[in-house]
> 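After the structure tokens below, expect a handful of questions from me.
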Amino acid sequence: MLKKLLVIFLLTTTLFAQEYEEENRYALGEGIQAGSLPLYVGGYFSIDYRNKDSRSRYRIDDLAFLAYGNYEKFSYMAELEFKEFYTLSETDTGDTTEQDTSLHIERLYIDYNFNENYMLRVGKYNSQIGFWNLLPINVLRDTTSNPVSTYKIFPKFTTGLYGSYTSYNDGELKVDTMIQHNDDLDENYNNYVIDEHYALGVTYSKEELDLKLNIGMFDTYMPDNTTQNLYYFLASMKYETEEYQIMSEIGTQKSKENFTTEYAGYLQGVYRLNYKNAVILRLESYNDKFSRIQDEMVIFGYTYRPIYPVAIKAEYQLHSLEKENQFLFSLSVLF
């Protein structure tokens, strides 16, 4: 029954999205302005299906609400999200359902742009590390799954200050820093529980090429309730034209004594057949010393966008750990 409902929901959403765009009554993905106020409200959702080791999972994964806008030199973003809102798992021994109705603070920050060179941010935001982590919304990404490096190496979110300086001479050079010395706004919604995070990033962009380096340190709670300082380094590259994109990130993480993640990285290519269809190939590898897991994988993906704020994605993952092989399918919509 759930499978039929997902198919009907997918088709209905796609048809309505196309109709809205054609009639210009509402630009899907751009939110709705609250009167003449500098306030837009919107949101997004994603549903997905996974088949892994002869087990199936159906899930309403993301259900988020956004409020954003700008006024003079100020801008802001507020994002509240239900994560893994509903999950149905099918196994040989029977079906189980889970529901998480906790509403999490994913982003809540205010920006102040002094001029075209300097800006300051305060609040909770996506850690400005690499390129993939800057796309927190499922529909904007090329695949349903995230590379392992994006949640193994560094905290996905930071609560504190962020500042950047950008120069526009021969290309664009950006230097930024993150400082957290306080509790997370929502410590249950991050890949690490942290109350300290210090990081520095340098990005150079020219024409189609972007290069980026990030280094940082954060403290986190370990399973034995002690805290440990972890240090990381991430190097990133992105080359993009209208037809294709090549993106790569590789990083490492260590404590004072030894490596916790010796390496984690990926190389991904996206070829756009046209403005609606794209094929994706991603190679990944990581060696997690803490969990003693080492894996290499190849991901084949396909994305169809009837319009840009609607993404229908399928992918198949081949792992060196055979029981990790899996098929993923998702529908995500930004409204």
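Quick caveat: nothing in here was measured; it's all calculated off a predicted structure.
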> Would the distance check show the side chain of Asn191 and the main-chain N or O of Lys156 forming a donor-acceptor pair, the cut-off being under 3.5 Å?
yes
> Hey, quick one: are Ile250 and Trp132 part of the same hydrophobic cluster, counting side-chain heavy atoms closer than 4.5 Å, chains of contacts allowed?
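No; tracing contacts between hydrophobic side chains, which count when under 4.5 Å, never links both residues.
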> Verify the ring-centre separation between Phe327 and Phe329: is it less than 6.0 angstrom?
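Centroid separation for Phe329 and Phe327: 6.0 Å or greater.
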> Does any non-hydrogen side-chain atom of Phe233 lie less than 4.5 Å from one of Ile153?
no
> Could you tell me whether Arg272 and Glu240 have a side-chain N and a carboxylate O separated by less than 4.0 Å?
yes
> Can you name the one residue among Thr227, Thr220, Asp219 that meets side-chain contact (heavy atoms from CB on, under 4.5 Å) with Asp195?
Asp219
> Would Lys124 pass as a cation-pi partner of Phe157, given that its NZ or CZ must be under 6.0 Å from the six-membered ring centre and within 45 degrees of the axis?
yes
> Less than 4.0 angstrom from a charged side-chain N to a carboxylate O is my criterion; do Lys289 and Glu262 meet it?
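Salt bridge flag = yes for Glu262 with Lys289.
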> Please answer whether the main-chain N or O of Met247 pairs with a side-chain N or O of Glu249 as donor and acceptor at a distance below 3.5 Å.
no
> Could you tell me whether Lys313 and Asp142 have a side-chain N and a carboxylate O separated by less than 4.0 Å?
no
> Determine yes or no for a side-chain-to-main-chain donor-acceptor pair under 3.5 angstrom, with Ser320 supplying the side chain and Glu296 the backbone.
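Yes.
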> Would Lys323 and Asp53 pass as an ion pair if we require N to O under 4.0 Å?
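Here Lys323 does not pair with Asp53 in a salt bridge, since their nearest N and O are not under 4.0 Å apart.
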> How about CG on Leu281, more than 12 heavy atoms from neighbouring residues, nucleotides or ligands closer than 6.0 Å, or not?
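Result for CG/Leu281: enclosed.
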> Would you please classify the geometry between the Tyr232 ring and the His197 ring as parallel, tilted or perpendicular, with 30° and 60° separating the classes?
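Aromatic pair His197/Tyr232 classed tilted.
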> Does Lys276 reach the main-chain N or O of Arg305 with its side chain, forming a donor-acceptor pair under 3.5 Å?
no
> Got a donor-acceptor contact below 3.5 angstrom from the Tyr192 side chain to the Lys152 backbone?
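Present.
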> Cut-off 3.5 Å, side chains only: do Ser56 and Arg50 have a donor facing an acceptor?
no
> Can Arg121 be said to sit on top of Tyr109's aromatic six-ring, NZ or CZ under 6.0 Å from centre and within 45° of the ring axis?
yes
> If you take the centroid of each ring, where Trp contributes its six-membered ring, are Tyr118 and Tyr165 closer together than 6.0 Å?
yes
> Decide if the gap between the ring center of Phe74 and the ring center of Tyr112 is smaller than 6.0 angstrom.
yes
> Look at the side chain of Glu90 and the backbone N and O of Gly94, then say whether any donor-acceptor pair between them is shorter than 3.5 Å.
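A pair under 3.5 Å: no.
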> In this structure, are over 12 heavy atoms from other groups packed under 6.0 Å from Tyr40 atom OH?
no
> Any salt bridge linking Glu172 with Lys206? Criterion: basic side-chain nitrogen under 4.0 Å from a carboxylate oxygen.
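Looking at Glu172 and Lys206, the cut-off is not met.
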> Is Lys212 close enough and on-axis enough to Tyr204, meaning under 6.0 Å and within 45°, for cation-pi?
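No, cation not above the ring by the 6.0 Å, 45° rule.
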> Asp184 side chain to Asp186 main-chain N or O, any donor-acceptor pair under 3.5 Å?
yes
> Phe65 vs Phe82 aromatic rings, parallel, tilted or perpendicular, using cut-offs 30° and 60°?
perpendicular
> Which residue is it: Leu200, Ile129, Leu161, Asn214? I am looking for the one with a side-chain contact (heavy atoms from CB on, under 4.5 Å) to Met178.
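Of Leu200, Ile129, Leu161, Asn214, side-chain contact (heavy atoms from CB on, under 4.5 Å) with Met178 is met by Ile129 alone.
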